[in-house]
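Written out below as structure tokens is the structure these notes cover.
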Amino acid sequence: MTQFREAVIDLGAVQANVAHLRSLIGTRHTMAVVKANGYGHGAVPVARAALAGGADWLGVADIDEALALRAAGIDAPVLAWLHGPDADFAAAITADIDLGLSSALQVRQVAAVANTLGRPASVQIKLETGLNRNGVDESDWAEVLGLAAAFERVGRLRVRGLFSHLANTSPDDDLAAIASFGRGLEAATAAGLTIDLAHLASTAAALRLPAARYSMVRLGIGIYGQSPFSDADAADLGLTAAMTLRGRVAAVRRVVAGAGVSYDYLWRATVDTTLALVPLGYADGVPRQAMNAARVAINGTQYPVVGRVAMDQFLVDVGADPVAVGDVVVLFGDAAAGVPTAAEWGAAAGTINYDIVTRVGARVPRRYVGPDALTAADTAGAEAAAADDTGSAPPETPRP
Ligand SMILES: *Cc1c(COP(=O)(O)O)cnc(C)c1O
């Protein structure tokens with residue numbers, strides 16, 4: 001039964017999306033990117049589903065995210081690539097987490113920790129090829145790769161991979177980055193390294209830029225059934241949206257023409273109409289910017305969001321239709337179900353589908369559906385989360 005508010009996560013869709021992308025891309029290795037709580041879907045269940053779909057690596061931003069996968073019993077290879085000055089490299093090495101390293105300092109730090117632990121650290125060197133985030137600058141490649149090779153020879157490091165990340169700005173910019181990455185691979189060979197894993201492409205380049213595929217691709221948005229492109233939707237790519245954000249209509253009210261609706265009266269009824277109250281707000285990740293632009297589906301019909309989105313709730317104009325308290329309201333899900341998509345919410349809010357799914361708040365219980373083998377491990381946690389949801393709206397409060 002549909003909860004008061006819930007994000008239903010179809011793990012079968014994640015598994016099928018990974019298998020489908022793998023069949024299109026055909027690289028030897030496939031990394032499923034499950035950073036940021038699996039783009040809001042739940043990192044551990046998504047990781048299991050992606051591995052079932054044929055992924056053989058998992059990618060996260062920081063070490064804490066990687067350790068959470070290990071704590072859940074996931075023993076697949078994991079790469080973590082974003083570290084602060086106090087990063088716990090010892091915990092990562094002990095948990096068999098590959099470290100993406102972006103500087104000579106990080107290479108020295110990790111080698112020192114590995115020495116203390118008496119075991120080599122498995123590392124992958126991140127090269128700067130045009131994005132200008134982290135990564136070793138081309139002018140430092142010889143030094144850093146040479147240093148890594150020296151530590152490898154004395155058993156402190158195992159340099160398993162070389163990687164970078166594209167800006168997705170234009171084909172020309174990405175081809176320049178590919179050329180740069182090629183020089184990086186040559187520099188690694190010149191430094192005496194044998195690179196097993198070379199990877200540059202996330203979902204977009206994995207699909208459209210075969211030259212960026214190398215031995216592994218890092219697939220994020222695509223495994224969640226969302227398109228990285230503005231000119232192709234998920235269905236065009238053969239993907240199924242894994243997340244459906246939905247709830248139950250909490251109140252229904254008739255208003256007369258001229259009535260102002262929600263804070264600041266930024267929408268007024270032009271005719272007598274019916275409003276349905278949806279119990280999700282910006283605390284749950286519903287963007288305030290979607291006011292008067294996004295749509296929801298109730299009983300198979302799509303209706304516009306009207307007036308300000310509040311912290312816990314917003315209104316939709318259902319006209320003369322017979323909508324009742326308790327009816328299921330779907331904010332977004334898979335287009336094949338006749339409901340709005342996360343991409344449409346992104347367009348309505350001046351953002352992207354990545355942001356819409358990832359921002360779904362902690363108050364929204366995740367409920368996992370799909371093959372028993374995938375959902376069994378998560379049912380207990382989801383039920384506990386659902387039990388925490390009291391099913392009643394917080395009292396109407398003054399302007400938050
Ligand atoms: C997030 C991320 C990805 C995944 O990108 P998608 O566009 O979601 O496929 C891949 N690589 C790195 C370094 C990332 O930060």
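For ligands, and for the atoms within them, numbers begin at 1 and follow the listed sequence. In what follows, residues are counted from 1 in the order of the sequence shown.
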Sidechain-backbone polar pair: Asp233 side chain, Asp236 backbone, donor-acceptor under 3.5 Å:
yes
For Arg208, all residues meeting side chain to side chain donor-acceptor pair (under 3.5 Å), sequence neighbours excluded
Asp231
Could you note down all residue pairs passing salt bridge (Lys or Arg N to Asp or Glu O under 4.0 Å) where residues 268-280 supplies at least one of them, sequence neighbours left out?
none
Selection residues 114-124 - residue pairs positive for salt bridge (Lys or Arg N to Asp or Glu O under 4.0 Å), sequence neighbours left out
Asp96-Arg119
Check ligand 1 for close polar pairs with the protein: N or O on both sides, less than 3.5 Å.
unit_1   : atom_1 : unit_2 : atom_2 : d
ligand 1 : 7 (O)  : Tyr354 : OH     : 2.6
ligand 1 : 8 (O)  : Tyr39  : OH     : 2.5
ligand 1 : 8 (O)  : Ile221 : N      : 2.7
ligand 1 : 9 (O)  : Thr203 : N      : 2.9
ligand 1 : 9 (O)  : Thr203 : OG1    : 2.5
ligand 1 : 9 (O)  : Gly220 : N      : 2.9
ligand 1 : 9 (O)  : Ile221 : N      : 3.4
ligand 1 : 11 (N) : Arg218 : NE     : 2.8
ligand 1 : 11 (N) : Arg218 : NH2    : 3.4
ligand 1 : 15 (O) : Lys35  : NZ     : 2.6

Shortest non-hydrogen pair, Tyr224 vs Val34, comes out as OH-CA, 3.5 Å
Honestly curious: do Leu79 and Ile25 fall in one hydrophobic cluster under the side-chain, below-4.5 Å linking rule?
yes
